[in-house]
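Read through the structure below, which is laid out as structure tokens, and then see the notes.
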Amino acid sequence: MTSRKSIPWIHQWSRHLIGAIALVGCLETAWLTVAELSGSAADVCPTSGCKEVLESDYATVFGLPLTVYGLLAYIAMAVLAFLPWLLRQKTNKSFQSKVQETTWLLMFSLGVVMLIFSSYLMYVMLFEIQGLCPYCIASAIFSVTLFTLTIIGRNWLDPGQLLMNGCVVGMVTLVGVTGIYANVTPTADSSTSPSAEAVNTPGESGPPIINTSGNSEMALARHLAAIGAKNYGAYWCPHCHEQKELFGRQGFALIDYVECDPKGKNARPQMCKAAGLVGYPSWQINGQVYPGVQPLETLADLSNYQGDREFIYPFPYQ
């Protein structure tokens, strides 16, 4: 009489853990997708870095929020994890065995894809955008955990072949993700003014700002920059220039200005499209878009500015 070899606990519970983590990832990405599509992504962010990440060009792929693709990946992982149980009562043992084998291979491959994609986005977050997004970090942790569980969650009969498959899937994923983001302009370095670009792209510029900023204009500009407010405009737009003159040259240099015309200098038209603008200029403050030239008093009220309001230039600017 021989004793049955005990099955390691991780092999017994690996599918449960993979399915549970995937479901948590589904909830997170579904919530963020709703926030992105409703234009309230900034409202759910606990940090300014989080706003920068979710509102960057990297957060949109083929016209859809990146969270949509994350949601689909988590759904696929959850389905693959639970599929053998769903078919357990309806199929014979031979078919169940094939389903087990196939779903493990697919989960491993999907785990590699999610790991590579998350690693690339973490690099972008830390070194390109230079902000911290708690939701992105959580999703990266989920991806690493899922990948690890697909490796240690079962007794793979041919580890060498598994490694080869993982390398092939990883290389294809890396080439794909770098191709997707090849034309994305890196965002500003947080150590410089919000309107500065990491890469200074050539293009048309509007007329120079003539007015000199006062202390109140400078203080309001710093406040707007600190809360992540953005001013959208176009180099040829006279009302955009009018808005700039209200701040003055030194003050507006602190504003996170987004050039919407592709022909303009340091243009970021994708951000303008994602913001759903109805005209220029427009302000985005705390996730809400306000079209038209705004008096500095109004901007102070909308942004909850508590500083000095002895603004120099009247509205509308003459």
Side-chain angles (χ1 to χ4, degrees), residues 1-34 66-123 125-126 132-177:
M1 181 176 179
T2 59
S3 60
R4 176 179 295 180
K5 185 178 180 181
S6 62
I7 301 175
W9 73 269
I10 190 63
H11 291 179
Q12 298 182 43
W13 291 98
S14 56
R15 281 188 179 269
H16 298 78
L17 294 172
I18 290 172
I21 293 172
L23 289 177
V24 174
C26 286
L27 293 176
E28 182 201 31
T29 50
W31 179 57
L32 289 176
T33 296
V34 172
L66 184 61
T67 52
V68 172
Y69 302 96
L71 174 60
L72 294 176
Y74 283 122
I75 290 175
M77 187 67 81
V79 170
L80 291 171
F82 295 131
L83 186 60
W85 296 331
L86 298 176
L87 299 177
R88 184 171 50 186
Q89 303 299 328
K90 301 179 181 180
T91 57
N92 57 49
K93 290 185 178 180
S94 176
F95 183 76
Q96 291 176 21
S97 178
K98 291 181 180 180
V99 170
Q100 285 273 359
E101 184 70 23
T102 302
T103 53
W104 269 114
L105 286 172
L106 291 175
M107 284 193 297
F108 171 75
S109 298
L110 182 56
V112 172
V113 172
M114 296 174 71
L115 176 68
I116 297 298
F117 213 101
S118 292
S119 299
Y120 181 87
L121 292 177
M122 289 297 292
Y123 168 82
M125 181 186 73
L126 294 174
L132 288 179
C133 173
Y135 307 118
C136 307
I137 295 174
S139 187
I141 293 173
F142 293 158
S143 297
V144 172
T145 305
L146 289 171
F147 171 72
T148 303
L149 287 172
T150 61
I151 295 178
I152 67 174
R154 68 163 301 182
N155 182 26
W156 293 96
L157 299 179
D158 191 349
Q161 184 61 45
L162 186 70
L163 176 62
M164 180 65 69
N165 293 342
C167 290
V168 172
V169 173
M171 288 299 296
V172 172
T173 303
L174 185 59
V175 171
V177 70

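Annotation: side chain of Leu132 is in contact with side chain of Leu126 (closest heavy-atom distance under 4.5 Å). The side-chain heavy atoms of Ile116 and Phe147, taken from C-beta on, include no pair separated by under 4.5 Å. Using a 4.5 Å cut-off on side-chain heavy atoms (C-beta onward), Leu149 and Ile10 make contact. Proximity of Met125 to Ile137: side-chain heavy atoms (C-beta onward) are separated by under 4.5 Å at one or more points. For the pair Ile152/Thr148, a side-chain contact is recorded, criterion being any heavy-atom separation below 4.5 Å from C-beta on. The closest side-chain heavy-atom distance from Thr103 to Pro84 is below 4.5 Å.
Here Phe117 pairs with nothing under the ring pair (Phe, Tyr, Trp, His ring centres under 6.0 Å) rule; sequence neighbours left out. Checked against ring pair (Phe, Tyr, Trp, His ring centres under 6.0 Å), Tyr120 has the following partners two or more places apart in sequence or in another chain: Tyr181. Residues passing the salt bridge (Lys or Arg N to Asp or Glu O under 4.0 Å) test with Arg15, sequence neighbours excluded: none. In terms of the side chain to side chain donor-acceptor pair (under 3.5 Å) criterion, residue partners of Ser139 (sequence neighbours excluded) are, by chain and number, Tyr74. The side chain to side chain donor-acceptor pair (under 3.5 Å) check on Glu101 picks up Arg154, with sequence neighbours excluded. Considering only residues two or more places apart in sequence or on other chains, Ser109 meets the side chain to side chain donor-acceptor pair (under 3.5 Å) condition with none of them. In this structure, the ring pair (Phe, Tyr, Trp, His ring centres under 6.0 Å) partners of Trp31, at least two apart in sequence or on a different chain, are Tyr135. Remark: Phe142 pairs with no residue by the ring pair (Phe, Tyr, Trp, His ring centres under 6.0 Å) rule, at least two apart or across chains. Considering only residues two or more places apart in sequence or on other chains, Ser143 meets the side chain to side chain donor-acceptor pair (under 3.5 Å) condition with Ser118.
Here the shortest heavy-atom pairing between Met77 and Gly111 reads CE-N, 3.8 Å. Taking both residues in full, the closest heavy atoms of Leu87 and Gln96 are given as O-NE2, 4.2 Å, listed atom of the first, atom of the second, then distance. Taking each heavy atom of Met107 and Leu80 in turn, the nearest pair found is CG-CB, 3.5 Å. Scanning both residues, Ala81 and Ile18, for their nearest heavy atoms gives CB-CG2, 4.0 Å. Residue Cys26 comes nearest to Leu71 through the heavy atom pair O-CD1, 3.5 Å, listed as atom of the first residue, atom of the second, then distance.
Trp85 CH2: more than 12 foreign heavy atoms inside a 6.0 Å radius.
Sorted pairs that involve residues 134-143 and meet salt bridge (Lys or Arg N to Asp or Glu O under 4.0 Å), not counting sequence neighbours, are lacking altogether. Sorted by first and then second residue, the salt bridge (Lys or Arg N to Asp or Glu O under 4.0 Å) pairs with a member in residues 19-30 form an empty list; sequence neighbours excluded.
The distance from atom CG of Leu146 to atom CZ of Phe108, rounded to the nearest 0.5 Å, is 13.0 Å. To the nearest 0.5 angstrom, Thr145 atom OG1 is 10.5 Å from Met114 atom CE. For the atom pair Leu115 CG and Leu110 CG, the distance stands at 11.0 Å (nearest 0.5 Å).
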With a cut-off of 3.5 Å and sequence neighbours excluded, list every side-chain donor-acceptor pair involving residues 159-166.
unit_1, atom_1, unit_2, atom_2, d
Gln161, NE2, Asn165, OD1, 3.0
Asn165, ND2, Gln161, O, 3.4

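Thr102 places no side-chain N or O within donor-acceptor distance of the main-chain N or O of Val99, the cut-off being under 3.5 Å.
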